[in-house]
Protein chains: 2
Amino acid sequence: MVQIPNTPTSADVARLAGVSRATVSYVLNNTDAVRISEPTRRRVHEAARELGYVPHAAARSLRAGRSRMVLMPAPALPVGPLYGAFLDEFQGALGRLDYTVVQYGSVGLQGDEAARAWAELRPVAVLVPGTGIGPRGVAVLKRSGARAVVTLGPERVEGAHALLMDHEAVGRCAAAHLYERGRRRIGVVVPEEPGLGVCSRPRLAGARRALRGTGASVVGVPLAYTERAAAELAADLPELDGVFAYNDEYAMLLMRALQDAGRRIPEDLAVIGADDLMLGRLLRPRLSSVRIELPSGRELAALVDRAVRDAGGEPEVHRVLGASVVRREST
Amino acid sequence: MVQIPNTPTSADVARLAGVSRATVSYVLNNTDAVRISEPTRRRVHEAARELGYVPHAAARSLRAGRSRMVLMPAPALPVGPLYGAFLDEFQGALGRLDYTVVQYGSVGLQGDEAARAWAELRPVAVLVPGTGIGPRGVAVLKRSGARAVVTLGPERVEGAHALLMDHEAVGRCAAAHLYERGRRRIGVVVPEEPGLGVCSRPRLAGARRALRGTGASVVGVPLAYTERAAAELAADLPELDGVFAYNDEYAMLLMRALQDAGRRIPEDLAVIGADDLMLGRLLRPRLSSVRIELPSGRELAALVDRAVRDAGGEPEVHRVLGASVVRREST
DNA sequence: TTGAAAGCGTTACCAA
DNA sequence: TTGGTAACGCTTTCAA
């Protein structure tokens with residue numbers, strides 16, 4: 001039979017060490033406004049260790065009136081390895097600034113309801129990827145004590161700091177490259193998977209804008225991420241001589257289907273992806289790609305910290321997502 | 001100038017509605033032990049809405065003595081799309097059981113230190129992927145009120161429920177398949193990337209065990225995830241006629257390098273991956289793969305819920321990770 | 001150098 | 001049907 005012990009509190013530590021709760025707090029938090037004798041310190045540490053005492057974060061921040069929690073709703077869409085690396089860096093950097101990063105799985109919550117759920121945790125800052133929040137949501141969070149709300153997405157939201165993911169630039173970049181390579185009838189793959197629209201629509205728009213007035217045509221090409229859909233698309237593709245395939249995975253899918261249908265790449269049709277994944281280098285022809293640079297996790301952590309310290313300051317707006325073409329053999 | 005308003009509390013709501021804090025609590029929580037008149041209910045709801053009141057989760061669970069938070073340390077290693085889908089399902093299912101799933105970014109924390117950091121949040125349950133915790137860590141968590149600790153990894157940990165990821169089975173499965181296809185000198189790729197060892201070592205061990213006593217040989221083949229490393233490996237591969245490449249991505253990398261070095265696949269050398277990614281189907285030859293089935297998120301959520309309700313029960317141990325070969329053209 | 005006590009936002013018991 | 005009050009675990013001011 002397993003005995004379920006009561007969770008030790010600072011009062012238990014105090015009792016065991018033969019001091020008051022205040023003293024325990026002083027010792028364990030290294031409060032420097034107060035001098036505690038060395039023997040007492042030792043007794044307190046000893047008692048805490050013996051009991052396996054772990055402070056209660058909620059009680060602490062309740063008393064303090066503020067937390068060190070940075071909340072990040074987990075993005076709904078499937079994310080690639082780039083995002084994972086960015087996340088690690090961000091968490092590491094914030095950890096060094098003594099914040100606690102927590103990802104909240106908001107599966108099934110919508111809009112303001114989601115914002116309220118986040119607000120219940122009283123985070124000191126919230127970093128929202130994608131389009132998961134509106135002005136009302138931001139207001140809810142701020143009223144609940146969030147000192148900074150930062151969005152990481154395609155457009156800015158009233159009241160929040162914004163890291164603008166400039167997906168249009170990705171499309172512009174790809175289209176301009178295809179144009180330079182002599183292509184004039186250009187297709188832009190638009191994934192049919194839900195949730196990817198926030199990225200894909202601006203990419204298409206960017207491609208359109210880049211070639212406006214040049215006489216080249218740009219058409220959106222819907223594509224689901226299945227072999228079958230790719231084969232069908234390859235079978236009767238509209239008259240095109242260049243394709244920007246949304247990203248490297250869709251590009252690989254499409255390229256395979258095109259090759260199977262007898263199209264030569266890049267002679268008949270140039271194909272370019274995005275994300276510059278390793279896998280693109282392994283294809284034949286090697287896949288050209290738009291290399292995307294996410295903001296540095298360190299910089300973003302610094303922004304959050306700054307925003308927390310200076311709550312009420314003007315929201316900062318940054319344009320992130322550097323885009324540059326890596327040409328290989330497919331264009 | 002932005003006015004930073006004080007966060008409204010239930011006391012503010014009570015004041016505005018002209019009732020006591022207790023009444024507010026009753027109304028907003030739909031307490032059924034107590035009957036509140038309809039007009040009062042309306043006044044309270046009205047006041048809460050007007051103030052934008054959001055309850056304080058920490059205060060609530062402090063008072064209640066228990067939280068509904070299920071903590072999941074974010075895995076350190078890069079994870080694939082399978083894991084992402086599993087996570088979503090798990091979160092959704094737990095959400096429906098009224099738990100709050102929170103992923104904790106523990107970058108930079110080690111062993112018991114990490115467990116203490118998690119314990120500070122007083123989660124009601126902790127799901128630890130990989131090998132991030134030992135018996136001491138489990139004890140810390142339980143002493144801090146966690147009613148269930150579940151590990152999702154290669155081996156069980158004293159005191160915790162275990163979902164055993166049977167990576168050996170993956171290796172066994174792959175090796176047996178290669179053997180069946182007539183291969184007798186088999187290589188097993190062991191990624192050099194740190195953190196993947198927990199998966200790759202058991203896979204190699206499983207392959208060894210599967211072919212023990214058959215006369216077939218099994219050798220570990222270290223490989224870093226770069227084109228260069230793959231090319232070097234392909235240039236002087238030991239005498240092999242079959243390779244289990246750890247997963248589909250390494251398989252793709254290796255297969256490309258082998259083809260570039262003039263080896264025919266599968267005639268000279270059979271190659272099999274794992275994870276059954278879409279990309280494997282796009283290669284030529286199409287890549288055979290070990291299909292891995294993670295536990296269902298729903299079942300896992302049910303396990304967690306059961307464990308929470310019956311804390312102190314015997315830890316459950318489940319073997320998860322179904323492994324089955326999907327043969328395509330590369331073997 | 002240490003202790004007593006107040007109070008953070010909630011909820012649950014008991015009394016009115 | 002509603003309100004007063006105590007308590008959850010912690011920090012911090014004030015007093016000794």
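Below, read A as the first sequence line, B as the second, and so on, with proteins coming before strands; counting in each chain starts at 1.
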Fill in: Passing candidate, salt bridge (charged side-chain N to carboxylate O under 4.0 Å, His left out) with A:E46, options A:R49, A:R43, A:R42
A:R49
Fill in: Flag, side chain of B:K142 to backbone of B:A160, donor-acceptor distance under 3.5 Å
no
Discussion item. For the backbone of A:E299 and the side chain of A:S296, can you confirm whether one donor and one acceptor N or O come within less than 3.5 Å of each other?
Written reply: yes
Worksheet item: Judged by atom type as modelled, is there a donor-acceptor pair below 3.5 Å linking the side chain of B:D310 to the main-chain atoms of B:A307?
Response: no
Can you give the donor-acceptor pairs under 3.5 Å from side chains of residues 129-140 of chain A to other protein atoms, not counting sequence neighbours?
{"residue": "A:R136", "atom": "NE", "partner": "A:D112", "partner atom": "OD2", "Å": "3.3"}
{"residue": "A:R136", "atom": "NH2", "partner": "A:D112", "partner atom": "OD2", "Å": "2.9"}

Worksheet item: What are the bounds, 5' to 3', of the part of DNA chain C that sits under 4.0 Å from heavy atoms of chain A?
Response: C:dT1 to C:dG9
Fill in: Under 4.0 Å protein heavy-atom contacts per nucleotide of nucleotides 8-16 of chain D, with B for base, S for backbone only and - for none
BBBBBB---
Worksheet entry | Within 6.0 Å of CD in B:Q110, more than 12 heavy atoms from elsewhere | no
Practice prompt. Ignoring hydrogens and angles, tell me if any N or O in the side chain of A:D305 forms a donor-acceptor pair with the backbone of A:A301 under 3.5 Å.
Written response: no
Fill in: Protein-nucleotide distance (A:N6, atom CG; D:dA7, atom P), rounded to Å
16 Å
Worksheet item: Checking A:T7 side chain against B:R143 main chain: does a donor-acceptor pair fall under 3.5 Å?
Response: yes
